[in-house]
Engineer: 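What follows is a structure written as structure tokens; I'll ask about it next.
Proteins get letters first, then strands, A, B, ... in listed order; numbering begins at 1 in each.
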Amino acid sequence: MDTANVILEAKGLTKRFGEVIALNEVSLQIRTGEIQGLIGENGSGKSTVSSIIYGIHSPSAGEMLLKGKPYAPKSPLDARGHHISMIVQEKDTIDMLSVAENIFLGDEGRFRRGAFISVKEMYQEAEMALRKVGLPQLDAARPVGELDFETRKLIEIAKALYYKPELMIVDETTTALSHDGRMKIYEIMRQLKAEGKAVLFISHDLPELMEVCDSLTVLKDGELVTTIPKEEFSEGTIKRAMVGRTLAGNLYRTDYGNRLTDQVAVSVDHVSTEVLKNISFSLHNGEILGIGGLSGSGMHEIGKVLAGHIPAREGTVKVFGEKLQGIAHALKLKVGYISKDRDVETLILNESIQDNLTISAWSMLKKGKFFILPRDEKKFARVQIDHLKIKCSSGAQLVRELSGGNKQKVSFSKLIGNKSKIMILDSPTRGVDIGVKTTMYELINNLKHQGHAILIISEELPELIGMCDRILVLKNGRITGEVKRHKNLKDVDVIDFMI
Amino acid sequence: MKKYRSVIIQWMGLILVILIFGIWSGGNLFSKYNLNSMIITATPLLIACLGMSFIFAHGGMDISSGAVVALASLAAVVTMNGSGSLLLAVIVSMLASMACYMVNSVITNKFGLMATITSLSIMFAARGLVTYICQQTPNESISIASVDVTLFKKNYSFMVLVAVIAILVLTVVFNYTEIGKGAKAIGDNSRSAGQNGVPVDRTKMTCYAIAGLCVGIAAIFKLCSTGMVQSTTGTGMEMDILVVVVLGGMSLSGGVSTKISSAVVGTFTYVFLVKGMTIIGLNPNIVVLIKALIFLMVIYITAQRNTLKTIPR
């Protein structure tokens with residue numbers, strides 16, 4: 001193999017977490033002037049690879065060579081010193097600090113003038129860094145907490161680029177971004193490539209990887225399956241490599257019968273909140289209703305209003321004819337909700353799968369008036385774990401140790417377990433791989449046929465078009481359009497209402 | 001096995017302390033006199049720690065317990081001397097203590113203050129009030145007059161009985177009801193707990209009420225064993241409680257890893273340790289110093305254990 005422009009070579013990387021082998025003898029080469037993709041199902045070891053390269057974890061065995069020299073970073077700071085940067089999936093900025101302070105966090109020393117830090121110089125440098133990611137108008141003195149998710153991600157990229165990375169790792173960053181945000185990131189990656197730098201791009205989104213990458217490395221269960229050059233890219237080949245079997249054709253449901261029951265589960269009547277303006281719609285039993293829009297359109301707020309987390313300032317929300325009052329009431333009326341920020345709002349990562357599953361079902365598990373017995377909890381959790389085939393050692397395993405897809409299965413199981421009749425699913429397949437996605441869609445479809453009322457809030461149009469009976473499109477807090485399920489429904493038909 | 005490691009460590013610590021000081025003191029540690037005196041120290045401390053576990057479980061922190069003990073004792077002694085009824089005094093003590101903790105909880109919830117800071121002001125207010133009232137009396141203290149308090153002072157089987165009942169009842173509430181489970185969920189992630197239907201404010205308030213109730217019971221035992229209230233009554237109790245739970249391996253950050261058994265093991269370890277050091281003739285000031293060192297050491301070990309590495313996504 002040609003080793004001329006290899007910047008980073010990993011040989012036999014192995015990582016064990018206790019008894020779990022997250023990565024087994026993985027060897028790969030990353031070249032300059034190339035965008036290399038890394039794909040695999042959740043738990044396949046993608047993130048382990050990147051966290052080893054970036055110095056977050058050290059490998060249990062194996063070694064790395066950076067430009068031919070042994071490379072064993074002790075910390076992310078160490079990696080940064082070797083001109084390796086990483087952008088992570090989750091939030092990596094501190095809300096209370098200004099944009100500039102976030103960019104130079106841990107490196108304020110470079111602006112030292114005597115005993116003080118030159119704030120002026122820091123802001124100037126920050127503004128220069130921001131210009132490179134297309135944010136010239138952003139005030140570097142603003143606290144990051146005031147900015148939206150997408151801008152924050154771009155700030156992280158600005159930070160990464162400032163340190164002139166020879167290798168930039170982009171770890172599942174794009175899933176949470178809008179179309180525009182993604183385009184910006186692609187552009188930056190291509191620019192790095194043109195400058196002769198290397199990019200390692202980790203993503204779940206196959207079309208995006210196929211478009212952007214020059215080669216694609218596939219991992220499965222901690223082992224390297226194959227590396228595919230661009231010429232041989234095809235969806236079928238890659239998916240087969242990922243899953244190790246041929247996937248059945250269709251991801252979404254295939255029926256197009258549009259008959260709705262006339263049993264209204266939720267009716268929203270002229271509801272306004274700080275973000276939403278005069279929203280009215282109804283959700284029927286046995287219906288999958290989609291809510292689409294761009295980030296900032298208020299689509300996520302609808303879910304929170306329906307689940308009782310945010311009160312309607314004007315108008316009413318009725319669930320089975322009863323006026324909704326708060327979270328406890330919503331739960332009592334069998335409204336289940338999965339938040340977009342599942343790790344913070346729906347799950348308790350430090351607790352076991354069992355504790356997570358039972359928490360929203362305590363009222364069902366109670367013996368007498370007060371007591372919740374471990375025996376009943378265990379049984380309850382067992383049923384749910386088996387039902388959705390959650391991959392875990394036992395119900396006692398901590399949720400934080402699970403992969404993204406299995407975490408989402410736990411979230412779903414909570415709703416099924418407490419017998420929710422109305423399911424509000426915000427970004428149900430965010431950060432979830434194809435295998436689990438298929439399971440989720442099947443499950444949602446089954447729930448529909450059992451007569452559940454389902455609301456899917458999603459930024460992924462294909463998902464909405466593929467799954468929903470109706471799609472409501474939001475823009476600036478208002479409903480701008482309604483689209484009915486149809487075989488020939490295209491992205492553009494929906495996008496029109498968004499912009 | 002791994003799951004029970006920390007529990008085993010705590011119990012081993014207790015056994016070690018008992019063995020070392022038992023041998024060092026030539027068996028003197030287990031004399032009837034010493035055992036009885038340990039029961040007197042342990043009972044109020046244990047009951048207070050059990051109650052405080054509910055506060056630690058939901059991630060709260062309280063340093064007012066010493067001052068609240070003083071205030072509750074004061075209320076109790078005044079009631080006792082006025083009415084001549086021990087039972088009434090017990091009830092008043094519990095109510096006074098609960099009132100302090102409820103005020104704390106309401107202020108914390110309503111104004112979104114840090115619980116520690118609120119408890120600090122409760123501590124000053126309660127301590128100030130007790131000092132002021134005591135200073136108005138000729139001896140700068142109020143003693144129990146003409147009420148028979150032998151039950152709380154010398155009846156060791158009664159003390160053990162109360163302690164055992166407290167352990168049983170509170171363990172059940174802590175582990176098998178929505179109050180204890182809710183508190184732990186709040187300690188781990190209050191936002192998520194709330195969105196899953198745990199009534200966050202109400203659960204916190206219930207936890208404070210339980211803590212208040214327990215501190216009130218502890219106050220009665222303390223009052224009866226000393227026979228009077230003065231401005232220094234209960235001082236240092238809040239620190240003793242922290243040392244106890246930390247010795248018992250409780251994580252002060254709250255959450256599901258909080259074990260109420262920590263209060264039990266911790267109390268025993270603490271009481272045997274302090275008694276042992278006194279028997280072998282250590283200077284009491286050095287005993288305090290050693291307490292401080294143990295506190296630091298255990299906090300350090302606990303902090304180390306909590307930074308467990310986990311598998312990335």
Engineer: Could you tell me which portion of A/K367 (side chain, backbone, both or neither) has an atom closer than 4.5 angstrom to a non-hydrogen atom of chain B?
Structural biologist: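 The answer is neither part of A/K367.
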Engineer: To the closest 0.5 Å, what do you measure between CG (B/D188) and CZ (A/R400)?
Structural biologist: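 The distance works out to 9.5 Å.
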Engineer: Would you say the side chain of A/D355 lies within less than 4.5 Å of the side chain of B/V256, judging by non-hydrogen atoms?
Structural biologist: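 Yes, at least one pair of side-chain atoms sits under 4.5 Å.
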Engineer: Residue by residue, scan residues 52-60 of chain B and write down, ordered by number, those that have a heavy-atom distance under 4.5 Å to chain A; if none do, write 'none'.
Structural biologist: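 So far as heavy atoms go, nothing in residues 52-60 of chain B approaches chain A to under 4.5 Å.
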Engineer: Taking every non-hydrogen pair under 4.5 Å, which of B/R191, B/E178, B/Q195 racks up the most with chain A?
Structural biologist: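 The option with the most such pairs is B/Q195.
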Engineer: Please look at A/I359 and chain B and tell me whether the side chain, the backbone, both or neither of the residue comes under 4.5 angstrom of a heavy atom of that chain.
Structural biologist: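 Answer is both: backbone and side chain atoms of A/I359 are under 4.5 Å from chain B.
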Engineer: Counting only non-hydrogen atoms closer than 4.5 Å, does A/I348 touch chain B with its backbone (N, CA, C, O), its side chain (CB onward), both, or neither?
Structural biologist: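 For A/I348, heavy atoms of backbone and side chain both lie under 4.5 Å from chain B.
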Engineer: Do side-chain atoms of B/T177 reach the backbone of A/F370 as a donor and acceptor pair under 3.5 angstrom?
Structural biologist: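 Flag not set: sc B/T177 to bb A/F370 has no pair under 3.5 Å.
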Engineer: Can you tell me which portion of A/K332 sits under 4.5 Å from chain B's heavy atoms? Options are side chain, backbone, both or neither.
Structural biologist: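 Neither part.
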Engineer: Under 4.5 Å heavy-atom distance to chain B, tell me which part of A/L365 shows up: side chain, backbone, both or neither.
Structural biologist: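 Neither part.
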Engineer: Does B/N196 offer a backbone N or O that forms a donor-acceptor pair with the side chain of A/S360 under 3.5 Å?
Structural biologist: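 No: the side chain of A/S360 does not pair with the backbone of B/N196.
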Engineer: Just how far is it from atom OG of B/S192 to atom CD of A/E351, taken to the nearest 0.5 Å?
Structural biologist: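 Output value for this atom pair is 8.5 Å.
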